[in-house]
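Okay, so here's the structure we're looking at.
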Amino acid sequence: MRVLVLSDIHANLEAFQAVLAVAGEVDALWCLGDVVGYGPNPNECVDLLFEQKEVRCLRGNHDAAAVGDLPPDSFNPEARSSMEWQREALDAASIEKLKTQDTRLELGEVTLVHASPRQPILEYLLDTQAAGDNFAYFESPFCFVGHTHIPVHFALNGERRQPSMRIPKPNHQITLEARSIINPGSVGQPRDRDPRAAFAIFDTAAHTWDYRRVSYDVAAVQAKMRAQGLPKRHIERIASGW
Ligand code: ZN
């Protein structure tokens, strides 16, 4: 089965559409959370996501905060003001969707969480120490995470306690060895200095991870954000990818 794996769409419709267009035909879509937050099209992104076939979606910290299930004090002031806008913008159907997603899923050989197996919606897996600790919190061969917006692959080999850490090469396929924690990067707000939308296609039989980046019309999204009075920092960062 070929699965489109993506995360952190963040209400960026143009980026999401570009990903779906180049991903082509897949058997399923696994979204690792944060469908909303930051961007100008939260309802449109929720609608487009749940129109796809065989969709499984996790609940991210922004999704939880946007529907009032996570206190806004875990966000910085800009993220908080943007969050207020999202809360106002969301319609009843989107709220219902975002309220009913799981924080952890086990699908075949893969554990899915938004942030980390230890703290499914809040921990940032940015280094080998944090990732290493988290291998004790899931049993499957593979764990897919989002949240940091940075594509990264942690692999634990043999008896070693500390995993290796690699930044995957865009538009390049690797084969996942047991056990791995891997992040496909962010669709709507990359933070690895590459503004292109990120995603991966995972083959559940061959265990291949085809990691891709795709350009989209950033200026169009920025114009919509400006028109809605969203924070300047969030408008600028989608162009710099940082
Ligand atoms: Zn996010």
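The model shown is predicted, which means the values in this text are computed figures rather than measured ones. Side chains included, hydrogens not; waters and symmetry mates left out as well; all remaining heavy atoms used. In each ligand, atom 1 is the first atom listed, and ligand 1 is the first ligand listed.
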If the threshold is 4.0 Å, N to carboxylate O, is there a salt bridge linking K53 and E25? yes
With sequence neighbours left out, the residues meeting side chain to side chain contact (heavy atoms under 4.5 Å, CB included) with S215 are R196
Here the ring pair (Phe, Tyr, Trp, His ring centres under 6.0 Å) pairs for residues 93-122, sequence neighbours left out, are H114-H147
Counting only protein N, O or S atoms and ignoring waters, those under 2.8 Å from the Zn ion (ligand 1) are D8 OD1, H10 NE2, D34 OD2, H149 NE2
E106 and R104 ion-paired at < 4.0 Å: yes
The complete set of side chain to side chain donor-acceptor pair (under 3.5 Å) pairs with one or both residues in residues 81-90, sequence neighbours excluded, reads W85-Q228
Next on the checklist: Between R213 and D192, does any side-chain N to carboxylate O distance fall below 4.0 Å?
Outcome noted: yes
